[in-house]
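Okay, structure first, notes after.
Protein chains get the first letters and strands the later ones, always in sequence-line order, with residue 1 at the start of each.
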Number of protein chains: 2
Amino acid sequence: MSGNWRPPSSTDVARAAGVSQSAVSRAFTPGARIAEATRAKVMAAAEALGYRPNLLPKILQTNRSGIVAVVVGGFYNPYFAMTLEAFSLALTAAGRQMLLVRVDSDRVLDGVVDQLAGYRVDAVVSALALTSQDAADQLAKLRIPIVTLNSDLAGDWIRSVSSDNFAAGEAAARLLHARGGTRFGFVAGPADSPAQVAREAGFAQGLASLGLPPAVRAGGGYDYASGEAAARALFAGPERPDAVFCANDLAAFGVIDTLREAFDLKVPDDVLVVGYDNLDMAAWAPYRLTSFDQDVEALVEAAMALLSVEAGATCVARTVPSQLVERESTRRR
Amino acid sequence: MSGNWRPPSSTDVARAAGVSQSAVSRAFTPGARIAEATRAKVMAAAEALGYRPNLLPKILQTNRSGIVAVVVGGFYNPYFAMTLEAFSLALTAAGRQMLLVRVDSDRVLDGVVDQLAGYRVDAVVSALALTSQDAADQLAKLRIPIVTLNSDLAGDWIRSVSSDNFAAGEAAARLLHARGGTRFGFVAGPADSPAQVAREAGFAQGLASLGLPPAVRAGGGYDYASGEAAARALFAGPERPDAVFCANDLAAFGVIDTLREAFDLKVPDDVLVVGYDNLDMAAWAPYRLTSFDQDVEALVEAAMALLSVEAGATCVARTVPSQLVERESTRRR
DNA sequence: TTGTAGGCGTTATCAG
DNA sequence: CTGATAACGCCTACAA
């Protein structure tokens, strides 16, 4: 156990195999011109020494690390897990590594930019609404492509993928109306989420174009507790909604549980509920929640495609349709 | 938009500032001896060029990347999300980066070892039961420390942290007995999970030491569907259990929903249920599930401590007690 | 305090 | 087909 040990280098292998360092490099380069005998000698020596090629020198020369940084704001929402899972698979399939960066706020991301630049990450994927134009500009200056999910930033090195939040909002309005809703409620997500804004706008537009009264509004977060609070607010008065669109599933669960527990209201008999994200849980017995499937696969596929787009290309934004999955929460018997 | 652009190097900055490259290096090294005037010149030039120090050369020389690889097996379980979240915070606080590696099976990890070695990751954290001794040995040969969570591997470079699964199993037995359970059921996790094995063994031991009959057994997975299937199996016959310990919360939810839907049994009135992990969802109205909190914070803290332990140190395994959180699922009225 | 020179481990280029 | 050599960008002696 020597104090300062160093992993075996190609030079070490070369010495052991009695060849030059270049020969070792060639032995590990697919498709390189090298005699089979030489390759065998090298491989034997490499095996004996436990040699693994160091990737850093190559990165140093090419400035391409094969690492993609994925920035997330928190893991409380299973939706992030779905996204991460899909990204992880896609990146692995593309032979790239994923550097996971968690930021509490955009200010923190600013601090992380130096690190990301230092590691020469090939690209940054922002799965949270990265509203900081400043951080985006810094990355752009470094010519690091950014792919944002459900965001509304724009710029040379910024590409974005969104699910069609506006259209989903409209569809929610049509569905709730078709299923017999007359007094509408909207449980909002955080105000700084472009996705939330678009969903709400679409919902409002959908109601308006059907000649229906606007929705009563409550909420302000994407979590369960927000849904609970929103339900309490919406159903406290005498004019209770009978059809509620929630900015996401997690909030919808909070709404449903609160309706049952605190107001003794049944879903869908007394109130219709629609969510967004189509989490696994949406299919569970206590909820059977009608929801919009963001089609994470497609979202990620689009994002991966945008990662490889050259700078200044025309296609910088893509929208992926979300699909309505209807369950019992909007099916009155 | 030149085709092959290269980020500004310290040499570029030096040229722009009219100083030597080493002066730039010193300007960016905290506590280096450099005249204030020189530093100012350098900083101005750096700012103008958008220079960020490249971390790779340093890594190349020190073989310390500041990157910790976290290996996970899937994200379907919110428990992984909790763990990731905690690790992410801890690593960031320690000024390190997290490379997230998802593997489908241990065989795949073997393939990833080369990559991890190539990037010179400082350590590997395995949040899945990394049962492949082979992969572990490979990493050990490379002198890359491994910290495994809830695993039972051993070796020079392997350290492990576990929650006290056995003790929790015993506690579950005591609790279910104290709350009036007489016929016991166990909903198992995957057979290759050491945590599952320990929980089951502890449960069996707990029942035995109370002079109770052994538990009927079903299941074999950590997900909701496994819980559903296990409940169907356990409650199909005439001898139905009235107290069930589930290897984790997700399975417990499946059990509870199935009892309600398929067997018209009430929890806790007809059946007592205990889970493991204490997910956020365990507190939700439809479940109010008694569960064991793994104390992820402590688990991660312990893991972080083990990351810095020198090779050959004596402390290679730590156990973190899990805390029982009792809710309505075990409180008969 | 500052500049010069060597080396980290690899790939690419070129001469043999 | 093989071996020597020059980068890549930084840090760390060492010399001025």
Side-chain angles (χ1 to χ4, degrees), chain A residues 4-43 45-46 49-66 114-122 142, chain B residues 4-43 45-46 49-66 114-122 142:
Chain A
N4 33 15
W5 182 80
R6 161 179 81 65
S9 69
S10 58
T11 309
D12 297 329
V13 175
R15 194 165 22 232
V19 298
S20 75
Q21 183 274 331
S22 329
V24 179
S25 176
R26 278 188 276 260
F28 281 87
T29 304
R33 303 163 190 279
I34 185 174
E36 199 46 56
T38 312
R39 155 171 268 131
K41 267 196 301 187
V42 169
M43 286 311 191
L49 272 63
Y51 167 74
R52 315 276 168 141
N54 188 342
L55 298 176
L56 300 172
K58 189 177 192 175
I59 301 174
L60 194 53
Q61 295 185 137
T62 60
N63 285 310
R64 313 204 72 254
S65 61
D114 290 17
Q115 295 262 322
L116 298 184
Y119 284 110
R120 294 290 187 262
V121 300
D122 291 343
L142 298 165
Chain B
N4 32 15
W5 182 81
R6 161 179 81 64
S9 70
S10 58
T11 310
D12 298 329
V13 175
R15 191 164 25 234
V19 298
S20 75
Q21 182 273 328
S22 24
V24 179
S25 176
R26 278 188 275 260
F28 280 88
T29 305
R33 304 163 190 279
I34 186 175
E36 199 45 55
T38 311
R39 155 171 268 130
K41 266 196 303 187
V42 169
M43 286 311 192
L49 270 65
Y51 166 74
R52 314 277 168 141
N54 188 342
L55 298 177
L56 300 172
K58 190 176 193 176
I59 301 174
L60 195 52
Q61 294 183 158
T62 60
N63 286 309
R64 313 203 73 254
S65 60
D114 291 18
Q115 295 261 323
L116 298 184
Y119 284 110
R120 295 289 187 264
V121 300
D122 292 343
L142 298 165

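No side-chain heavy atom of T29(A) sits under 4.5 Å from any side-chain heavy atom of I34(A). Side-chain contact between D12(B) and R6(B): present, with at least one pair of heavy atoms (C-beta onward) separated by less than 4.5 Å.
Taken residue by residue, residues 12-20 of chain B places heavy atoms nearer than 4.0 Å to DNA chain C at V19(B), S20(B).
We find the CG-OG distance between L49(A) and S10(A) to be 11.5 Å, quoted to the nearest 0.5 Å. Here the straight-line distance linking atom CH2 of W5(B) with atom CG of L142(A) works out to 6.5 Å at 0.5 Å rounding. With rounding to the nearest 0.5 Å, the separation of OG in S9(A) from CZ in R15(A) is 7.0 Å.
Atoms CD (E36(B)) and P (dT2(C)) sit 10 Å apart, rounded to a whole Å.
For N63(B), the side-chain hydrogen bond (donor to acceptor under 3.5 Å, both in side chains) partners at least two apart in sequence or on another chain are R120(B).
Scanning all heavy atoms of the two residues, the minimum distance from P8(A) to G50(A) falls at CG-O, 3.8 Å. Between T38(B) and A23(B), the shortest heavy-atom contact is CG2-CB, 4.4 Å.
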Legend entry - Per-nucleotide protein contact string for nucleotides 9-16 of chain C (B base, S sugar-phosphate only, - none; heavy atom under 4.0 Å): BBB-----
